Amino acid sequence: MATNIQSVRYRSRKLSFFLSWVGAQLVAVWLGSPQYTDESGQPKPLARFVSEGGDASFEALVAGVNSDIRPRVVLDEWLRLGIVRYDEQM
């Protein structure tokens, strides 16, 4: 049983590291790419889905950085950490 627990802990740490790396890349693109910033260089609020926001959506941002992870996984983690929030006006 200990082997399974260690295996789960290892995979959990590996996933956390991967999400941290992907998260850093996402923030860099969101803050530095003209398609995700407004005229003054500030990051735009993003629609959640491509169907709502096209290329300027959270889904497109994640897919553009790494296609191995689902946008929902990143969104759930960022919501948990308080990095993003839902805006009902979007």
Side-chain angles (χ1 to χ4, degrees):
M1 190 69 145
T3 302
N4 290 339
I5 292 170
Q6 287 177 345
S7 177
V8 169
R9 285 183 185 158
Y10 173 74
R11 279 186 263 153
S12 178
R13 279 183 282 191
K14 194 173 174 182
L15 178 61
S16 292
F17 174 77
F18 181 71
L19 284 174
S20 296
W21 179 84
V22 169
Q25 296 297 315
L26 289 169
V27 169
V29 172
W30 194 1
L31 296 178
S33 177
Q35 84 183 66
Y36 297 112
T37 55
D38 63 19
E39 307 80 38
S40 64
Q42 296 299 308
K44 293 180 189 174
L46 302 177
R48 182 173 170 194
F49 301 108
V50 170
S51 61
E52 298 167 353
D55 289 339
S57 67
F58 187 76
E59 202 173 58
L61 173 65
V62 175
V65 169
N66 189 303
S67 61
D68 291 336
I69 192 161
R70 294 181 185 267
R72 181 60 192 250
V73 172
V74 177
L75 181 59
D76 286 347
E77 183 66 4
W78 282 13
L79 286 167
R80 184 184 74 77
L81 295 170
I83 296 171
V84 296
R85 64 179 166 79
Y86 283 114
D87 184 347
E88 297 303 322
Q89 295 178 354
M90 282 297 297

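Small disclaimer: the values here were computed from a predicted structure and weren't measured.
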- For Ala60 and Gly54 the tightest heavy-atom approach is CB-O, 3.7 Å

- Item | Contact summary for Val22 and Asn66, nearest pair of heavy atoms |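 Where Val22 meets Asn66 most closely, the heavy atoms are CG2-ND2, 4.1 Å.
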
- Message: Check for me, please, whether Leu46 and Phe49 land in the same ILVMFWY cluster - side-chain distances under 4.5 Å, paths through other members count.
- Response: no

- Query: Same cluster for Val50 and Tyr86 if Ile/Leu/Val/Met/Phe/Trp/Tyr side chains link at under 4.5 Å?
  - Reply: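 No, no single cluster joins them.
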
- Distance in Å, Ser57 OG paired with Lys44 NZ, rounded so as to fall on 0.5 Å steps: 11.5 Å

- Item | CD-OG distance between Gln42 and Ser40, expressed to the nearest 0.5 angstrom |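 Reported value, rounded in 0.5 Å steps: 5.0 Å.
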
Under the rule for side chain to side chain contact (heavy atoms under 4.5 Å, CB included), what residues qualify as partners of [X], not counting sequence neighbours?
X     : result
Glu39 : none
Val84 : Trp30, Leu75, Trp78, Leu79
Val65 : Gln25, Leu26, Val29
Ala56 : none

- Task: Mind checking salt bridge (Lys or Arg N to Asp or Glu O under 4.0 Å) for Asp76 and listing every partner two or more places apart, or none if nothing turns up?
- Result: Arg72

- Under the salt bridge (Lys or Arg N to Asp or Glu O under 4.0 Å) test, which residues partner Arg80, sequence neighbours left out? Glu77

- Message: Just to verify, what does Ser67 make a side chain to side chain donor-acceptor pair (under 3.5 Å) with, not counting sequence neighbours?
- Response: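 By the side chain to side chain donor-acceptor pair (under 3.5 Å) rule, Ser67 matches no residue at all.
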
